[in-house]
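In each ligand, atom 1 is the first atom listed, and ligand 1 is the first ligand listed.
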Amino acid sequence: MIEFEALKPQNLKEALAVLKERGIDIKLLAGGTDLLVEINNNSDRLGNFKYLMDISSIKGLDEIENEKKHLIIGALCTHTQIIESKLIEGKFPILVRGAKTIGSTQIRNRGTIGGNINNGSPAADLITPLLALKSSVILKSKNKKRELPLQDFITGPYKTDRKEDEILTKIKIPKINSDYQSSFQKVKRRQAVAISRINLAVVTDIKEMRFNDIRIAFGSATPTAIRFLKMEKKLKQTQINELNFDSIIEQTGQEMVEIAGERWSTPYKKPVVGNLLIRALQEIIREVQ
Ligand SMILES: Cc1cc2nc3c(=O)[nH]c(=O)nc-3n(C[C@H](O)[C@H](O)[C@H](O)COP(=O)(O)OP(=O)(O)OC[C@H]3O[C@@H](n4cnc5c(N)ncnc54)[C@H](O)[C@@H]3O)c2cc1C
């Protein structure tokens, strides 16, 4: 059994001060829907820690701010908050689509966007939409604040660039104009309370019937969720009515293998990623026609 002491700071300042002193021995707890399962299972991923610091009620980290050029989502916003936010639904419906597929009502009420990112699972259902939206993350320590692209923050499966004295405080999403369309796809083993076998987020605008600024992010197809830059390049400026399905299926599968190598799941996933991309593109095309 894992033994630890519980800490409950009153505010962010106090949390960061304690992290500065004892960060190496501390695990942060937000909604607990990933972490408590790992503690219960005595997971190898946990490493050693002496303190569990509950940050779930720190004020100010659960707000959604509408800035001129960005939407800022507090790391402690729950999936339910994201689903219920008219602001997010209006600007980034793909994030709402992703959040709606997460777990069950209970999980969505507890689980947070910050926890989904920091857990670093390749299958996390908010990471792919956030990558396709070119999001960045803001981290705070006692004396420093830094911002980096989400893609750089995720450094490996279940690994991030978070330093031991830092808390992820905010997620920053650049605004896009209303011409942009999006699609979120999730392949899962059953209809409800199911982790993604593969997920996909596509965000694009269409100019003169051609894909323009197209972003394609896959989760669980590669060791970490990642944008498929070659496929983005291939599809940019392609007429939406002239898609070559066979070559998209072939080249998306190829790009997956180039990034991930051959794995036990490759024979299944290689054709599925391309087919999923076609499904997403067709959904988007239906919207604009
Ligand atoms: C039954 C079940 C079904 C699930 N279904 C899905 C699903 O369909 N899709 C999906 O994506 N996920 C799913 N999950 C996983 C989980 O619910 C989500 O990843 C959730 O968003 C995690 O958030 P949390 O607040 O509960 O994180 P926690 O468990 O509290 O923390 C997760 C990790 O992030 C760290 N952390 C949390 N917040 C911060 C912060 N602000 N700064 C720095 N580090 C932080 C913690 O230290 C820990 O390492 C499921 C989980 C369960 C138990």
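Atoms of ligand 1 lying under 4.0 Å from at least one heavy atom of G103, given by number and element, are 3 (C), 4 (C), 5 (N), 6 (C), 7 (C), 8 (O). Below 4.0 Å from some heavy atom of A30 lie the following atoms of ligand 1, by number and element: 25 (O), 30 (O), 37 (C), 38 (N). Short contacts between ligand 1 and G31, defined as distances under 4.0 Å to a heavy atom of the residue, involve ligand atoms 24 (P), 25 (O), 26 (O), 30 (O). The ligand atoms of ligand 1 that sit less than 4.0 angstrom from a heavy atom of A75 are 41 (N). Each of the atoms 11 (O) of ligand 1 lies under 4.0 Å from some heavy atom of A124.
Closest protein heavy atom to atom 37 (C) of ligand 1: G115 CA, 3.6 Å. If you check which protein heavy atom lies closest to atom 23 (O) of ligand 1, you get T112 N, 3.2 Å. Of all protein heavy atoms, the one lying nearest to atom 52 (C) of ligand 1 is I107 CD1, 3.6 Å. Residue, atom and distance of the protein heavy atom nearest to atom 53 (C) of ligand 1 are T33 O, 3.3 Å.
In the candidate list L46, D125, N119, N118, D125 is nearest to atom 11 (O) of ligand 1, counting heavy atoms. Of the options L36, D34, L19, the smallest heavy-atom separation from atom 18 (C) of ligand 1 is shown by D34. Looking at V193, I195, T101, T160, it is I195 that brings a heavy atom closest to atom 6 (C) of ligand 1. Among N116, I26, T78, the residue whose heavy atom sits closest to atom 12 (N) of ligand 1 is N116. Around atom 48 (C) of ligand 1, the closest heavy atom drawn from L52, L28, L29 belongs to L28.
Surrounding NZ of K50 are at most 12 heavy atoms belonging to other residues, nucleotides or ligands under 6.0 Å away. More than 12 heavy atoms of other residues, nucleotides or ligands lie within 6.0 Å of NZ in K188, so this atom counts as buried by the packing criterion. Around NZ of K170, the count of heavy atoms belonging to other residues, nucleotides or ligands within 6.0 Å does not exceed 12. Within a 6.0 Å radius of CD in E67, more than 12 heavy atoms belonging to other residues, nucleotides or ligands are found. Environment of NZ in K236: crowded, with over 12 heavy atoms of neighbouring residues, nucleotides or ligands closer than 6.0 Å.
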Decide side-chain contact (heavy atoms from CB on, under 4.5 Å) for F92 and I73; before the verdict, give the C-alpha distance in whole Å, the side-chain angles of both, and the deciding distance to 0.1 Å.
-> CA-CA 12 Å; F92 307 116; I73 304 181; over 6 Å; no

Assess whether salt bridge (Lys or Arg N to Asp or Glu O under 4.0 Å) is satisfied between K27 and D25, documenting all intermediate values.
-> CA-CA 7 Å; K27 270 270 163 209; D25 293 324; over 6 Å; no

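The shortest N or O to N or O distance between E166 and ligand 1 is not below 3.5 Å. Among the atoms of L35, some N or O lies under 3.5 angstrom from an N or O of ligand 1. The shortest N or O to N or O distance between L168 and ligand 1 is under 3.5 Å.
Hydrophobic clustering of Ile, Leu, Val, Met, Phe, Trp and Tyr side chains at less than 4.5 Å, counting indirect connections, keeps V272 apart from F184. The cluster map of Ile, Leu, Val, Met, Phe, Trp and Tyr, joined by side-chain heavy atoms under 4.5 Å apart, puts I214 and L276 in the same cluster.
Using 4.0 Å as the threshold, S196 has no heavy atom nearer than that to any atom of ligand 1. The closest approach between I55 and ligand 1 falls below 4.0 Å for a heavy atom of the residue. Put simply, part of H79 is less than 4.0 Å from ligand 1, judged by heavy atoms.
Residue contacts with ligand 1 for Q106 are absent, since no atom lies close enough (heavy atoms, distance under 4.0 Å). With a 4.0 Å cut-off on non-hydrogen atoms, A194 touches ligand 1 through its backbone and not its side chain.
Side-chain contact between Q251 and K230: absent, with no pair of heavy atoms (C-beta onward) separated by less than 4.5 Å.
Between T78 and R108, the shortest heavy-atom contact is CB-O, 3.6 Å.
Under a 4.5 Å side-chain heavy-atom cut-off, the cluster of Ile, Leu, Val, Met, Phe, Trp and Tyr residues that includes I167 is completed by L7, L12, L16, V18, L19, I26, L28, Y51, M53, I55, I58, L61, L76. In this structure, V37 shares a hydrophobic cluster with no other residue, the cluster being traced through Ile, Leu, Val, Met, Phe, Trp and Tyr side chains under 4.5 angstrom apart.
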